[in-house]
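One structure is given below, encoded as structure tokens.
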Amino acid sequence: MRTIRLATVLLSALLFIKCSNEKEKRETQNENKPLNFIIIFADDLGYGDLSCYGNPTINTPNLDRMAQEGQKWTNFYAGASVCTPSRAALLTGRLPVRSGMASNKRRVLFPDSKYGLPASEITLAEQLKTVGYTTAAIGKWHLGHKEQYLPTNHGFDYYFGIPYSNDMDMVDGLLPYWEYWQQPNDSIKTAHFNVPLFRNTEIIERPANQNTITKRYSEEAVSFIKKNNDQPFFVYLAHNLPHIPLFVSKEAAGKSKRGLYGDVLEEIDNGVGKILDAIKEEGLTENTIVVFTSDNGPWLPFKNNGGSAGLLRAGKGTTWEGGMREPGIFWGPGNIKPGLITDMGSTMDLFTTFSTMSGAKSIDDRILDGIDLSETLLNHNPSPRKSVLYYRGTEIYAARLGDFKAHFVTQGAYGEFGKRQEHETPLLYNLSHDAAEKFDIAHEQPEILEQIQKLVDAHKSNLVMEKDQLADRE
Ligand code: MG
């Protein structure tokens with residue numbers, strides 16, 4: 001009996017040594033490999049929605065850990081204040097007006113839209129494929145749902161997801177508009193939004209079961225990481241949530257003090273934890289970069305079902321800070337130098353930064369708006385981004401230069417609060433002192449307004465707008 005016990009102990013010890021050696025061997029092999037990139041992109045999540053960005057009741061321990069072990073950016077911007085243009089900006093590294101993915105007629109793509117992201121655009125996935133990456137898009141696409149515009153025709157080897165917003169394809173008569181989001185009955189709510197779920201170019205489920213969609217997206221990302229642990233990969237995981245209508249799995253429901261919205265975010269955070277675990281298990285910690293951010297600010301008219309921009313003014317759809325400034329977390333032990341970054345960055349910069357980090361050739365046949373942030377990420381050098389342009393559709397409403405932001409036009413998101421107002425003397429805020437944009441200092445600093453005007457004029461002087469791809473319907 002004793003001999004058997006001793007043999008079992010010895011065998012376990014040998015097995016442990018073998019596993020540790022294998023993991024070490026894998027880690028050593030991985031050391032010189034190219035970096036893997038994972039972008040986790042939330043939908044309509046506000047600047048104030050994560051516990052590491054000050055939310056008092058939403059618990060996001062995994063994102064908090066990423067921020068603690070990596071870099072937390074406090075002046076990080078989405079490329080636009082609504083879904084479609086923001087996603088085009090991230091994936092092309094260009095302002096959406098340059099790709100035709102910005103419009104004054106329809107702000108985003110819809111299920112009856114005729115077009116999508118033009119084939120002539122180079123996506124980050126296509127760029128990384130030139131240096132041998134395997135690529136996956138998981139989740140919301142929103143750059144065209146017809147086959148020629150789907151991720152698999154834009155540089156992604158694999159796609160699993162809903163091709164547009166989760167509130168589209170509404171079935172008439174099931175629920176009155178504006179009430180659907182507060183319906184507790186999941187089966188009616190699910191049936192009401194008849195959105196398709198794609199695997200590559202095939203619809204595999206309709207309506208997509210949105211109660212489990214967040215969990216399934218994270219699981220897809222984990223399985224892709226495990227399958228491709230021996231080659232460089234890029235995963236673009238764009239959650240459909242917390243865009244309304246809110247859905248959550250049974251396991252995650254009723255857990256958060258913040259209510260349903262909190263449950264949704266905590267389920268996204270839980271998935272982040274599973275992805276970080278998978279990276280560790282595969283021995284890829286030292287050569288993987290994970291980024292977390294969101295496409296635009298919170299959808300405020302939905303009250304408790306929408307998120308919070310924290311101290312920032314307004315939300316989704318506007319060019320106030322709450323519409324476009326987002327949490328920006330970069331994690332990559334051994335690569336990303338931990339710290340708080342208060343300089344500016346943009347989702348458009350991911351294209352340029354990851355191009356540099358992967359060794360891909362820089363693109364010189366078109367204007368890129370992304371700036372290479374790699375020296376800030378790796379060495380804490382000051383961010384080379386000094387300005388931000390805030391477009392609404394194809395028009396510049398505001399511009400930021402250094403600490404100062406000028407508003408030429410302001411407009412709320414919707415309805416009576418959405419009235420457009422042009423400012424003969426632009427409004428001017430010092431965002432370092434006044435992130436909430438409360439105190440207009442235009443009369444005190446006219447010379448700064450002039451500098452910002454020059455920046456805008458220089459940008460416009462070489463701007464070539466692509467034809468509007470969002471306006472036409474079938
Ligand atoms: Mg959005």
Side-chain angles (χ1 to χ4, degrees), residues 39-50 53 76-92 95-96 99 101-103 106-111 113 116-117 137-145 151 161-170 180-181 193 195 208 210 213-214 217 236-247 261 264-265 267-268 291-303 305-310 312 314-328 346-348 350 390-393 411-414 418 470:
I39 298 175
I40 306 175
F41 205 40
D43 194 357
D44 295 3
L45 177 142
Y47 186 81
D49 279 332
L50 306 181
Y53 280 78
F76 195 76
Y77 289 91
S81 67
V82 288
C83 298
T84 297
S86 175
R87 287 151 204 275
L90 183 149
L91 284 175
T92 63
L95 284 164
S99 58
M101 300 305 277
S103 166
R106 291 183 113 184
R107 298 190 74 185
V108 298
L109 289 166
F110 288 87
S113 292
L117 185 69
I138 296 160
K140 176 170 171 175
W141 179 240
H142 220 178
L143 295 173
H145 62 282
I162 297 170
Y164 33 69
S165 298
N166 68 333
D167 65 341
M168 292 182 172
D169 291 322
M170 269 188 266
Y180 54 77
W181 45 274
F193 303 96
V195 290
Q210 295 203 51
I213 203 71
T214 299
Y217 284 168
Y236 171 58
L237 166 56
H239 282 288
N240 273 92
L241 290 149
H243 190 292
I244 58 93
L246 299 174
F247 288 95
Y261 187 86
V264 169
L265 280 206
E267 186 157 47
I268 289 175
V291 184
F292 181 87
T293 187
S294 175
D295 68 332
N296 53 252
W299 210 352
L300 298 177
F302 287 92
K303 299 176 183 167
N305 286 272
S308 161
L312 305 179
K316 172 177 179 170
T318 78
T319 44
W320 296 103
E321 287 298 285
M324 285 171 62
R325 203 195 294 194
E326 288 298 329
S346 160
T347 55
M348 287 186 287
L350 299 177
Y390 304 70
Y391 269 91
R392 181 172 175 131
Q411 190 169 359
Y414 306 93
L470 309 186

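In what follows, every heavy atom counts, from backbone to side chain, and hydrogens, waters and symmetry copies are set aside. As the structure lists them, so they are numbered: ligands from 1, and atoms in each ligand from 1. Keep in mind it's a predicted model, so treat the numbers as computed, not measured.
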Indicate yes or no: at least one non-hydrogen side-chain atom of Asn296 is less than 4.5 angstrom from one of Cys83.
yes
With respect to the Mg ion (ligand 1), please indicate if Asn296 possesses an N, O or S atom at a distance under 2.8 Å.
yes
If the cut-off is 2.8 Å, does any N/O/S atom of His243 fall short of it from the Mg ion (ligand 1)?
no
Closest Asp295 atom to the Mg ion (ligand 1) [N, O or S only]:
OD2
Aromatic contact, Phe110 with Tyr164 (centres under 6.0 Å):
no
Geometric class of the Tyr236/Phe41 ring pair [parallel <30°, tilted 30-60°, perpendicular >60°]:
tilted
Classify the ring geometry of His239 against Tyr217: parallel below 30°, tilted from 30° to 60°, perpendicular beyond 60°.
tilted
Angle subtended at the Mg ion (ligand 1) by OD1 of Asp44 and OD1 of Asp43, to 10 degrees?
80°
